[in-house]
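One structure is given here, and the rest of the page talks about it.
We name chains A, B, ... by the order of the sequence lines, and we start the count at 1 in each one.
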Amino acid sequence: MSWNDSVTEPTRRPTRSTYIPPYLRTTTSNNTTPFGSQTDFSSGPRFTAPNRGRGHGRGRWGQNRQFHDRSTNANPFDLSEKFDELEVVEDGNVGQGINFDAYEDIPVETSGSDIPPAVKTFAEIDLGKALNENIRRCKYVRPTPVQRHAIPIALAGRDLMACAQTGSGKTAAFCFPIISGIMRNPKSMSVPVWGGRGGGGVAYPLALILSPTRELSCQIHEEAKKFSYQTGVKIVVAYGGAPISQQLRNLEKGVDILVATPGRLVDMIERERVSLRMIKYLALDEADRMLDMGFEPQIRRIVEQMGMPRPGPRQTMLFSATFPTEIQKLASDFLSNYIFLAVGRVGSSTDLIAQKVEYVQEMDKRNYLMSLLHAQSANGAYGKHALTLVFVETKRGADALEHWLCMNGFPAAAIHGDKVQMERERALKSFKTGVTPLLVATDVAARGLDIPHVAHVVNFDLPKDIDDYVHRIGRTGRAGKSGLATAFFSDKNMPLAKSLVELMLEAKQEVPSWLTQYAESSSAYGSSGRGRRYGGGKFGGRDYRNSSKYNSGDDYNYTQYADSYAVSDSYAAATSSAFPYDATPNSAYYAGGGIDSNAVGSHGYNFDQEGIVASGWD
DNA sequence: AAAAAAT
């Protein structure tokens with residue numbers, strides 16, 4: 001079945017309010033650069049037009065063109081922040097650092113009608129030459145489990161609600177099909193928006209990717225640029241806190257995929273600089289977050305009231321590591337005959353993250369953290385190769401703890417929503433580069449951010465919601481590497497006890513007996529997060545449509561099975577461009593320079609569970 | 001109750 005059978009072919013983008021230079025009105029399908037050869041720009045009617053407008057008029061075309069070329073053709077695979085002594089692994093050695101065992105028998109649940117079968121290799125999917133080349137450049141050898149299932153579904157034009165563990169390659173799972181789909185319809189590909197009198201024209205992106213934080217949008221943009229290198233597919237990012245002018249200029253150069261945070265996008269739509277009329281692909285990253293109480297009205301407005309095509313003509317993909325039932329119900333408004341996909345233990349952390357919970361009184365938290373950091377430091381598990389991310393509850397608390405840590409000789413940065421964007425980015429960068437191997441963060445950093453070398457996540461203040469906990473600890477243990485998560489549990493956290501215990505049991509973690517007792521007594525309050533999963537260690541039943549009161553459909557398939565991945569055939573985790581450090585063997589993480597679990601707390605930790613590399617753990 | 005997201 002061809003693409004066009006299942007999805008309405010987009011018409012040519014409107015030209016009423018945009019001017020498309022004649023030489024761009026027909027593009028060939030195999031252009032490897034967005035504009036074809038440079039000679040196209042050596043002459044032509046566009047240069048004969050007088051300068052006008054705001055100085056971005058026709059006379060600037062040549063300059064814009066050059067600038068654009070430089071920005072899009074710059075090789076995105078160069079890693080500016082690569083740590084010196086680590087090298088990108090060569091082809092053939094990829095996978096060396098992956099904990100293959102952890103991905104054996106990974107549970108997979110799919111439900112919905114006519115589910116396209118999963119693939120085992122990228123070669124089985126025809127993503128096209130340019131994308132295949134980029135997959136090679138990214139050193140992705142095999143698709144990750146979520147990619148194996150999600151990509152065929154997306155390529156078949158189907159709507160998708162996908163749950164996959166943190167750090168399992170979700171970004172690529174929705175980017176590849178979008179880029180591939182856009183390339184299959186070269187006629188619809190974007191051309192520069194004509195900057196007319198009174199300020200710019202309207203950009204008509206074909207795909208929209210929304211995410212809940214600015215930093216995450218940036219990260220998705222960076223990833224997507226790698227995936228779309230030399231495909232001619234143009235990707236622009238738009239988010240708040242940065243001058244809108246440059247973002248608007250980027251839009252004028254043409255946009256196929258717009259990555260955005262909601263507020264700035266709405267602003268641009270209201271300014272009539274972006275139209276959603278031509279959107280064919282919509283992806284919500286961290287979809288449950290996007291649809292929770294604070295965000296939902298804004299997202300609903302964007303998706304339902306700002307000119308975007310309806311589900312059906314539009315293909316919608318929702319991704320998250322967690323998907324509460326109530327949110328699934330909300331999300332189904334945006335979807336049409338969708339497939340539900342869950343890879344890994346839904347809403348659980350990966351087995352790669354060792355979770356510890358310490359009982360610490362509020363007043364003792366700082367001292368406890370200090371001793372923990374000293375122990376790490378003495379163990380060599382502190383520094384730019386072993387970053388520690390500390391989550392706190394409030395913005396004020398983040399500033400206070402950052403200050404206190406610095407005063408006590410631990411260079412820390414802090415990131416939260418009260419900082420201006422430049423400070424936020426500076427904090428993140430100094431953390432990533434190891435200038436400050438400590439980052440104190442609010443939930444702004446809880447989701448999606450991929451920071452290599454986060455060896456330890458400390459929940460200085462535990463979140464109220466177990467899902468937030470899942471996302472927070474997911475900042476470590478990424479791309480098949482193991483990590484450590486330590487939580488400071490105080491009396492305030494009683495309501496979380498039950499769901500925390502359930503989660504830890506599901507992840508085969510050792511649960512302290514005091515916590516089990518708390519969980520049992522707190523269950524009297526009837527509170528278990530939203531009380532919906534982690535029960536009985538059984539997997540499945542996550543698609544709310546499968547609960548009996550919803551399941552009345554006839555042509556409805558429900559599949560629950562364990563994907564068996566032979567060890568040697570296991571996946572090469574998302575690799576080098578995004579995660580340039582996979583050459584580091586897992587064991588080395590704990591054996592040298594890593595966290596020795598016995599060194600980080602007052603109690604000896606005796607982990608002996610699957611999924612954790614034994615070395616260093618005794 | 002907090003956090004995030006436009007100016």
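- Contact annotation for D267(A): base contact, defined as any heavy-atom pair under 4.0 Å involving a base atom.
- Distance D465(A) CG to dA1(B) P: 17 Å, rounded to the nearest Å.
- Residues forming a salt bridge (charged side-chain N to carboxylate O under 4.0 Å, His left out) with K395(A) (at least two apart in sequence, or on another chain): D418(A).
- Under the 3.5 Å distance criterion, with hydrogens and angles disregarded, no donor-acceptor pair is assigned to the side chains of R301(A) and Q298(A).
- Judged by distance alone, the side chains of S332(A) and Y544(A) do bring a donor and an acceptor atom under 3.5 Å apart.
- T261(A) and S217(A) are not linked by any side-chain donor-acceptor pair at a separation below 3.5 angstrom, with hydrogens and angles left out of the test.
- Taking atom CE on M290(A) and atom P on dA5(B), their separation rounds to 10 Å, with Å as the unit.
- Look at R214(A) and you won't find any side-chain N or O under 4.0 angstrom from OP1 or OP2 of dA4(B).
- One atom, CD of Q298(A), and another, P of dA5(B), lie 10 Å apart when rounded to the nearest Å.
- The side chain of E270(A) has dA6(B) as its nearest neighbour among dA6(B), dA3(B), dA5(B).
- Note on T442(A): a side-chain N or O is less than 4.0 Å away from OP1 or OP2 of dA4(B).
- Summarising the geometry, the separation between CZ on R447(A) and C1' on dA3(B) is reported as 11 Å, rounded to the nearest angstrom.
- Atoms CG (D468(A)) and P (dA4(B)) sit 12 Å apart, rounded to a whole Å.
- Residue pairs meeting the salt bridge (charged side-chain N to carboxylate O under 4.0 Å, His left out) criterion with at least one partner in residues 439-448 of chain A, sequence neighbours excluded, are E286(A)-R447(A), D288(A)-R447(A), D443(A)-R472(A).
- Minimum atom distance to the side chain of K464(A) is reached by dA1(B), of the listed dA1(B), dA2(B), dA5(B).
- For the OP1/OP2 pair of dA3(B) and a distance below 4.0 Å, the side-chain nitrogens and oxygens of R472(A) include no atom meeting the criterion.
- In this structure, the nucleotide among dA5(B), dA4(B), dA1(B) sitting nearest to the side chain of T261(A) is dA5(B).
- Q421(A) places its CD atom 11 Å from the P atom of dA4(B), with the value rounded to the nearest Å.
- Regarding contacts with the backbone of dA1(B), every side-chain N or O of K492(A) stays at 4.0 angstrom or more from both OP1 and OP2.
- Separating the CG atom of D288(A) from the P atom of dA3(B) is a distance of 19 Å, rounded to the nearest angstrom.
- When rounded to the nearest whole Å, the span between NE2 of H416(A) and P of dA3(B) equals 9 Å.
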